[in-house]
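For reference, the structure is listed below as structure tokens.
Numbering of ligands and ligand atoms starts at 1, following listing order.
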Amino acid sequence: MIGVFDSGLGGLSVLAAIARELPRANLIYLADTAHVPYGDKQDSFITGRVLGIGSHLAAEGCNLIVVACNTATTTAIQALREHLPETPIVGVEPGVKPAAQGSMARHIAVLATATTARSRRLAHLIETHAAHVRVDVVPCPGWATHVETLQPDTPAFRTEVASKIEPLLASGVDRIVLGCTHYAFLAPLIEPHLQGRAQLVDVADAVARQVLRQRGDSYAEGKLGLQATSHPERLAAALPALGLHKLASRVATVEQVSV
Ligand code: DGL
């Protein structure tokens with residue numbers, strides 16, 4: 001069984017890619033909805049949540065855990081690997097490397113939560129993979145929470161998106177990294193601004209391929225268990241609302257868990 005978790009709905013973008021790559025694997029998706037968003041929380045709080053959720057997923061029988069959250073990966077993946085040394089852990093980091101490699105303008109932007117934006121791990125990623133490129137790191141407070149409403153397309157939020165994206169395009173950015181898994185669900189609001197000037201970079205498919213490499217597909221029933229720390233019914237309802245109909249058809253159980 002593969003366990004995938006995030007603060008809320010964002011990691012569903014990664015889960016959908018994993019489910020496509022491993023159609024027969026049994027999966028658990030845990031949304032820490034009692035504590036979403038992580039992006040404005042203290043590092044010590046996020047680390048506590050990640051260790052608790054990791055232990056819970058291991059106790060549920062997960063033999064591979066995917067931290068489907070840039071903020072949690074940035075803050076606590078090292079602590080989680082030390083906490084569960086027997087369990088392979090796959091994390092999600094902003095796609096700085098593919099963006100830098102693909103940028104003809106040598107100018108990219110990373111959209112991320114405040115925690116990821118100020119993290120040493122992102123600074124290190126940039127130093128390692130984008131030293132030759134100009135990188136604008138853009139914190140987007142409130143965006144993940146906005147995705148949680150399941151109705152992101154409001155006039156006020158369109159204005160907010162334009163205020164972040166248009167200046168980047170005007171300054172010549174040609175790759176925009178979605179550095180938070182929630183932002184994949186905002187692509188329909190960002191893409192109309194791009195008009196061929198820039199591409200969005202999302203790493204969900206690359207993470208799914210890494211899971212497949214680590215583990216191979218299993219010959220299980222292809223079931224999906226949904227777990228949430230509050231309002232699990234909202235998590236189940238989110239799948240069709242986000243257009244994730246194939247995932248919705250795999251759902252076997254929906255549970256509230258206290259972690
Ligand atoms: N989806 C998460 C990420 O990739 C966290 C968003 C949040 O909870 O603030 O960073």
Self-check item: Between His129 and Gln101: side-chain donor-acceptor atoms closer than 3.5 Å
Solution: no
Quiz item: If you draw a 6.0 Å radius around CZ in Arg197, do more than 12 non-hydrogen atoms from other residues or ligands fall strictly inside?
Solution: yes
Practice problem: Compile the protein residues with any heavy atom at a distance under 4.0 Å from an atom of ligand 1; present them by chain, then by number. | Solution: Asp6, Ser7, Pro37, Tyr38, Gly39, Cys69, Asn70, Thr71, Thr113, Ala144, Cys180, Thr181, His182
Quiz prompt | Thr75 side chain vs Asp43 backbone, donor-acceptor pair below 3.5 Å | solution = no
Quiz prompt | Residue that, paired with His83, satisfies side-chain contact (heavy atoms from CB on, under 4.5 Å) out of Val50, Leu51, Thr47 | solution = Leu51
Quiz item: Does a side chain donor of either Glu221 or Asn26 reach within less than 3.5 Å of an acceptor in the other side chain?
Solution: yes
Quiz item: Is it true that the side chains of Thr113 and Thr71 contain a donor and an acceptor less than 3.5 Å apart?
Solution: yes
